[in-house]
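All remarks here apply to the structure that follows.
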Amino acid sequence: MLHAMERPGCLSSSKRRRGRTLRCVYRATQVGEDALRLAHGKAGELFGDFVPTHCAPPPNPQRMRPDMSFDRRRLLQLGAAAAVSAGVAPLVACSSRRVEPTADYTIRIATGPIELAPGVIVTTTTYNGQFPGPLLRFREGRPVVVDIRNDTATPEQLHWHGQKISVDYDGAAEEGTPYVPAHGARRIRFTPGPAGHRFYHTHLRAGANLAAGQYSGEVGPVYIDPRNEPGRYDREVFLTLKEFLPSLSQGGDMAMDFLAGEEEPTLKSTGEAAMNASLAQGKPHGYEVGYQFFAINGRMLGHGEPIRVKAGERVLFHVLNGSAGEIRSLALPGHAFQVVAMDGNPVATPTEVPVLWIGTAERVSAIVQMDHPGVWVLGDLSDDDRGHGMGVVVEYAGASGTPQWAKPPSAKWDYAAFGDSTPKTYAPDETFDMTFAKNNAALNGFNQWTINGVAFSDKAMDPMFKLHQSRRYRLRMKNASDDIHPIHLHRHTFELTRIAGKATSGVLKDVVMLGGYQTAEVDFVADDLGLALFHCHQQLHMDFGFMALFDCV
Ligand SMILES: [Cu+2]
């Protein structure tokens, strides 16, 4: 059994979204033994719904690389196709009897300790006893078998974010995906796609339980290798950004105004009137979530292995914001990011920017030309967040000294900058208008969120919109709140067609940040039959109403 961590009562009730203190020190008992058990798993445990084969090939060490860094030249030496696709084992046929294929990957959900820095150990639920979960490399179009084992007492949902797969496997109870039973297992088979940087995460709702859902460590990256990879880079590095030890506060949220474009005056007046009426009734601001510790690839700044580079290299960073609700920024002093893909999809116009802004669940792939030797901090623009761990050291070969940080030039984040220089225009078959609004502190101090006046109901589970397969739909979204919402649609990729009033095309995503009192329009083709969940990816928002179902018939 794992022993509970000692948790001094030092989380301030006034903490806001960004963590402040490092005064808490957590001590674990039996950490070594339990961590070892979690990392390697127990052989011979029963699986829920399949029979393991006896003619399985040995595990391939190339499948899981804990440093999340890949030297492309070495991969090419090894034979890129073989090495990159090593995560895809062949199906095994060893006799005339029916034989189950070996799983390409086994994901084990369990609660245990992870060490973010020396003396900073937190207990959380993870995949395979590590944070982030192992990088899963798939090959576009090649079927895979994944075993999901749940060693917790809670039924689980593992969502394959950004992939177009059936509701049986997508990992959302609202769509009808079966749960992975508590202390049970589920084997799934699907064909990965589309190619690019995807990820997997729990899709449980947490409500007020800040140990559940994405407040936990249940996040891991996926990379689906495309059939054709241009590969104009030397090395690729996967970074998963995440906060730990959440707590609630009611101080109101920090304004973030990095998004390009203007607010809509009518949305602003509506939202502000509703908020002022609520405050006038004596209600405080609804709860927000703040965090104690910040980490990249599970290590706080200065406590993980540096990213070691050589002058002249082109390093491709695949950055995933694995947060439950935070928006992250990332800068590397003296360097620029050439954004080549967003949410795993190549952008129409690769563009250099000084800072990456990454909404909850978004991914950005960007190449950095390493032409400024030294030892640098690749970190969040917020001094507070960086000071509490949100960064990683980049160290050039031959350089030494204290890692340096410098504030980058300010720049707005404009999705349209990565789109077609002359936007294409489309004629959707149908347009849905969606207005998002907040009822301040309406649910026992939590904000209630509505789409067109309706908060998602577990009881009703009525699809809000009906789709017909292969038709093109436009979502015309209006945000009548001051929060930024990272809007996500399951099982589909959408194209931005208008962002804060500006027409665009050529930016394909599965999450888009919708700015406070701003508007956005996205188009998608109804790819697949069945239900598709639409929601804000802020755990706190989706759990309190900000969800809807599309039903494709
Ligand atoms: Cu939201």
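No experiment lies behind these values; they were computed from the predicted model shown. Every number for a ligand or one of its atoms is a count from 1 in the order of the listing.
Using a distance-only test at 3.5 Å, with no hydrogens or angles considered, a donor-acceptor pair links the side chain of Asp414 to the main chain of Ala416.
Classified by interplanar angle (parallel below 30°, tilted 30° to 60°, perpendicular above 60°), the ring pair Phe294/Tyr291 is perpendicular.
Qualifying side chain to side chain contact (heavy atoms under 4.5 Å, CB included) partners for Val507, counting only residues two or more places apart in sequence or in other chains: Met342, Phe418, Leu496, Lys509. Here Val167 pairs with Glu175, Arg491 under the side chain to side chain contact (heavy atoms under 4.5 Å, CB included) rule; sequence neighbours left out. Not counting sequence neighbours, the partners of Arg476 by the side chain to side chain contact (heavy atoms under 4.5 Å, CB included) test are Thr431, Asp433, Glu521.
For the atom pair Arg474 CZ and Phe524 CZ, the distance stands at 12.0 Å (nearest 0.5 Å).
Within the protein, the N, O or S atoms sitting under 2.8 Å from the Cu ion (ligand 1) are His485 ND1, Cys536 SG, His541 ND1.
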